[in-house]
Amino acid sequence: MACIVFMIGFGQKDYTTKREHMVKTQLKVRGIKDAATLMAMQTVPRHLFVPESMKPYAYKDRPLPIGDGQTISQPYIVAFMTEALQLKKTDKVLEIGTGSGYQAAILAKIIDSVYTIEIVKNLAFKAKDRLQELGYTNVNVKWGDGYHGWPAKAPFDAIIVTAGADSIPQPLIDQLKIGGRMIIPVGPHNYVSHLVLVTKKKNKITKKKLIPVRFVPFTRDKELGGGK
Ligand code: SAH
């Protein structure tokens, strides 16, 4: 018995060490400075958001497959997008593209309420169960087409889109508060996108092109109210 307890304890310590290494060698050296973002990346157990076979690679400097043809983003990209949103604890944030639920969990460590939408039914329900089991009570998961945002919960202080879009969906701009920020990968289908930081001011929208990225595509589903 003592031996089993020791092994479980050791396993967790091992993952904590891997996370520390990830934060130091993948995030800090590339300029991630926001204390809340670094704390969340250090705390959230990324290995519990990937399939069993991917666990050994959970803290590597790369995206990983999560099933249903989708991926969990590289840790640096998760941190970069989170930092770019300049979050305050009281912010209400919408994520489009729940995937594994990892990015939502990172947000949940920093802010009070997270709303996240996933278009693939299986992923949406799996992420919902996982986040519940891990105790992220401030994350609300919905299965649906994120193109439409979540009007009943709008407006949002920040919106994060984790699938590559060919343009910025107007409903998402509409659902941002004045002073709100949105980060979204934008680019031609199957080509390199750029992360774009959108800021909504009283009378105008500003867009700032940040780093080049590759994301799985933002898709639409007619049955879920998709199609234009
Ligand atoms: N944020 C995720 C990774 C996202 S991968 C994580 O931390 O694991 C991108 C996800 O966006 C995929 O799961 C894909 O199914 C989803 N997606 C693509 N188009 C969408 C849309 N229109 N609405 C909601 N989700 C969408």
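In each ligand, atom 1 is the first atom listed, and ligand 1 is the first ligand listed.
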Validation: residues 106-117 side-chain donor-acceptor distances under 3.5 Å, sequence neighbours left out:
{"unit_1": "Asp112", "atom_1": "OD1", "unit_2": "Lys89", "atom_2": "NZ", "d": "2.7"}
{"unit_1": "Thr116", "atom_1": "OG1", "unit_2": "Glu95", "atom_2": "OE1", "d": "2.8"}
{"unit_1": "Thr116", "atom_1": "OG1", "unit_2": "Thr98", "atom_2": "OG1", "d": "2.7"}

Should we say atom CD of Glu52 is surrounded by more than 12 heavy atoms from elsewhere, each under 6.0 Å from it?
no
For the pair Lys200 and Asp174, find out whether any cationic side-chain nitrogen is under 4.0 Å from an anionic carboxylate oxygen.
no
May I have the N/O to N/O pairs between ligand 1 and the protein that fall below 3.5 Å, each with atom names and distance to one decimal?
{"unit_1": "ligand 1", "atom_1": "1 (N)", "unit_2": "Glu95", "atom_2": "OE2", "d": "3.0"}
{"unit_1": "ligand 1", "atom_1": "1 (N)", "unit_2": "Gly97", "atom_2": "O", "d": "2.9"}
{"unit_1": "ligand 1", "atom_1": "1 (N)", "unit_2": "Thr162", "atom_2": "OG1", "d": "3.1"}
{"unit_1": "ligand 1", "atom_1": "7 (O)", "unit_2": "Gln103", "atom_2": "N", "d": "3.0"}
{"unit_1": "ligand 1", "atom_1": "8 (O)", "unit_2": "Ser100", "atom_2": "N", "d": "3.0"}
{"unit_1": "ligand 1", "atom_1": "8 (O)", "unit_2": "Ser100", "atom_2": "OG", "d": "2.6"}
{"unit_1": "ligand 1", "atom_1": "13 (O)", "unit_2": "Glu118", "atom_2": "OE1", "d": "2.7"}
{"unit_1": "ligand 1", "atom_1": "13 (O)", "unit_2": "Glu118", "atom_2": "OE2", "d": "3.3"}
{"unit_1": "ligand 1", "atom_1": "15 (O)", "unit_2": "Glu118", "atom_2": "OE2", "d": "2.6"}
{"unit_1": "ligand 1", "atom_1": "19 (N)", "unit_2": "Thr219", "atom_2": "N", "d": "2.9"}
{"unit_1": "ligand 1", "atom_1": "19 (N)", "unit_2": "Thr219", "atom_2": "OG1", "d": "3.3"}
{"unit_1": "ligand 1", "atom_1": "22 (N)", "unit_2": "Asp145", "atom_2": "OD1", "d": "2.9"}
{"unit_1": "ligand 1", "atom_1": "22 (N)", "unit_2": "Thr219", "atom_2": "O", "d": "2.6"}
{"unit_1": "ligand 1", "atom_1": "23 (N)", "unit_2": "Gly146", "atom_2": "N", "d": "2.8"}
{"unit_1": "ligand 1", "atom_1": "25 (N)", "unit_2": "Ile119", "atom_2": "N", "d": "3.2"}

With side-chain contact (heavy atoms from CB on, under 4.5 Å) as the criterion, how do Tyr59 and His21 come out once you've worked through the C-alpha distance, each side chain's angles and the decisive distance to 0.1 Å?
CA-CA 9 Å; Tyr59 297 99; His21 188 72; over 6 Å; no
Assess whether a salt bridge exists between Lys177 and Asp157, defined as any Lys/Arg side-chain N lying under 4.0 Å from an Asp/Glu carboxylate O.
yes
Salt bridge present between Lys126 and Asp129 (N-O < 4.0 angstrom)
no
